[in-house]
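Here the structure is laid out as structure tokens; the discussion comes afterwards.
These figures come from a predicted structure and were not determined experimentally. Note that ligands are numbered from 1 as they come in the structure, with each ligand's atoms numbered from 1 the same way.
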Amino acid sequence: MKINGKPYRSVWLDADGHSIRIFDQTKLPWSVEEMVLRDEEEAAHAIRTMQVRGAPLIGAVGAYGLAMALRRDPSIENLERMAAMLNETRPTAVNLKWALDRVCAAVRNHPPERRADAAYAEAAAICDDDVETNRRIGEHGLELLREIAARKPAGEPVRVLTHCNAGWIATVDFGTALSPIYQAHDTGLDVHVWVDETRPRNQGAALTAWELGAHGVPHTLVADNAGGHLMQRGLVDIVLVGTDRVTREGDVANKIGTYLKALAAKDNGVPFWVALPHSTLDMKVRDGLAEIPIEERSGSEVTDATGRLPDGSVATVRLAAEGTPAANPAFDVTPARLVTGLITERGRCEASEAGLAALYPEKA
Ligand SMILES: CSC[C@@H](O)[C@@H](O)C(=O)COP(=O)(O)O
């Protein structure tokens with residue numbers, strides 16, 4: 001996507017040929033700052049602290065992290081130790097493990113002196129795969145948005161509600177849930193997006209609203225708790241979200257609060273769709289509620305909030321009384337029964353074992 005007219009991906013190789021560059025997402029939307037990650041420890045730190053975030057992007061950065069680790073020590077022992085270290089940075093999105101496994105498989109049979117090059121090549125292939133995958137998700141999602149538009153009075157936009165950030169900055173490019181929205185806007189289909197602010201880290205307010213604004217997509221930021229009300233008033237045509245892991249039976253892990261949107265959508269007859277790339281599918285897991293690890297982050301993300309002060313500086317302020325205990329589960333699981341359908345790079349399907357098996361027979 002473009003920033004000030006210049007096309008960017010969310011991660012790319014630095015001019016030195018081995019470090020990588022990212023946008024520090026903890027600085028957005030107040031400033032757009034590139035950052036260099038020089039080794040696997042810096043990559044792990046960036047994932048842990050959410051300087052990079054979003055399931056596909058942490059997979060891509062993890063893959064490059066492993067390549068950087070192999071430059072220093074190409075032994076199989078180091079490969080396995082560093083893959084485990086990177087995999088532990090964030091537990092819920094399966095894309096991280098998928099990408100690390102891909103790099104491990106790609107380098108294992110090479111002699112030590114060839115392993116780092118093979119890992120960099122695989123990380124680059126993962127990035128290219130993500131870009132093409134998300135472009136196709138956009139095409140299939142666009143068909144769905146067109147079908148919704150065709151059922152609406154002429155001149156009314158398709159009103160989408162989204163949660164968290166599943167845009168280009170959460171992936172290598174284009175995004176997953178936002179990819180159809182960008183394609184709709186670019187092809188002249190009228191869309192309007194309700195953007196959930198997504199407490200506690202405000203990915204909606206800080207990232208989704210920033211992305212959509214930069215691309216010229218009409219949108220309105222709402223408090224997380226507004227979604228049910230908007231649906232009751234008939235102001236939402238579709239809920240469209242990304243995901244961090246989809247199970248064999250179609251259960252969906254995504255940012256905390258997604259489940260409540262799905263419940264409200266069900267009660268109001270609003271279709272609830274989830275966009276995912278193949279790298280988010282975890283066929284080893286059947287029951288999402290029982291089996292998907294849910295990341296528990298620091299309570300300080302709940303008791304505090306970061307924003308810009310009138311003097312332009314960015315500061316973190318305390319919202320709760322000193323000493324208030326806070327819990328911070330970062331994801332929840334929406335059972336397949338609440339999901340109208342899945343949008344993948346291979347087309348749309350029901351959120352069920354049969355639906356996924358029809359699209360991905362080789363994984364079934
Ligand atoms: C294409 S991104 C899909 C998901 O990763 C996204 O919806 C999400 O929940 C991200 O959570 P985050 O904690 O910001 O990494």
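Per-residue contacts place G54 under 4.0 angstrom from the following atoms of ligand 1 (heavy atoms of the residue considered): 5 (O), 15 (O). Shown in contact with K255 at under 4.0 Å from a heavy atom are these atoms of ligand 1, numbered in order with element: 9 (O), 11 (O), 12 (P), 13 (O). Within ligand 1, the atoms closer than 4.0 Å to a non-hydrogen atom of T171 are 1 (C), numbered from 1 in the order shown. Taking every heavy atom of Q203 and a limit of under 4.0 angstrom, the matching atoms of ligand 1 come to 12 (P), 13 (O), 14 (O). The ligand atoms of ligand 1 that sit less than 4.0 angstrom from a heavy atom of C164 are 8 (C), 9 (O), 10 (C), 11 (O). Near D244, meaning under 4.0 Å from one of its heavy atoms, ligand 1 places the atoms 4 (C), 5 (O), 6 (C), 8 (C), 9 (O). For ligand 1 and F331, the ligand atoms under 4.0 Å from any heavy atom of the residue are 9 (O), 11 (O), 13 (O). If you number the atoms of ligand 1 from 1 as listed, the ones under 4.0 Å from a heavy atom of A55 come out as 2 (S), 5 (O).
For N165, the heavy-atom gap to ligand 1 drops under 4.0 angstrom. Within the structure, the closest approach of M50 to ligand 1 falls below 4.0 Å when heavy atoms are considered.
In P56, the part holding a heavy atom less than 4.0 Å from any atom of ligand 1 is the side chain. The proximity of R201 to ligand 1, defined as any non-hydrogen pair under 4.0 Å, does not occur for either the backbone or the side chain. Within the 4.0 Å heavy-atom criterion, the part of T243 lying near ligand 1 is the backbone and not the side chain. With a 4.0 Å heavy-atom cut-off, ligand 1 is reached by no atom of H163.
The aromatic rings of W194 and H192 lie perpendicular to each other, with more than 60° between the two planes, well past the 30° mark. Relative ring orientation between H185 and H215 is described as perpendicular, the plane-to-plane angle rising above 60° on a 0-90° scale split at 30° and 60°.
A salt bridge links R286 with E353: at least one charged nitrogen is closer than 4.0 Å to a carboxylate oxygen. Between D129 and R102 there is a salt bridge, since a side-chain N of the basic residue sits under 4.0 Å from a carboxylate O of the acidic one.
Nearest to atom 15 (O) of ligand 1 among the protein's heavy atoms is R90 NH1, 2.8 Å. Taking atom 6 (C) of ligand 1 as the reference point, the nearest protein heavy-atom neighbour is N254 OD1, 3.5 Å.
Separation of the F23 and W12 ring centroids falls under the 6.0 Å cut-off. Aromatic ring centroids of H278 and Y360 lie 6.0 Å or more apart.
The backbone N or O of D224 lies less than 3.5 Å from no partner atom in the side chain of D196, so there is not a single donor-acceptor pair. Checked by atom type and distance alone, the side chain of N254 pairs as donor or acceptor with a backbone atom of G242 at under 3.5 Å. When atom types are taken as modelled, the side chain of R136 and the backbone of E139 share no donor-acceptor pair closer than 3.5 angstrom. The backbone N or O of D287 sits nowhere less than 3.5 Å from a side-chain atom of D251 that would complete a donor-acceptor pair.
Side-chain atoms of N78 and S75 form no donor-acceptor pair, as typed in the model, at a separation below 3.5 Å.
Closest approach of A149 to L189, counting heavy atoms only: CB-CD1, 3.7 Å.
Here's the thing with A170: none of its N/O atoms is less than 3.5 angstrom from an N/O atom of ligand 1. Considering backbone and side-chain atoms together, T176 places no N or O closer than 3.5 Å to any N or O of ligand 1. For ligand 1, the polar-atom distance check against R53 finds a nitrogen or oxygen pair separated by under 3.5 Å.
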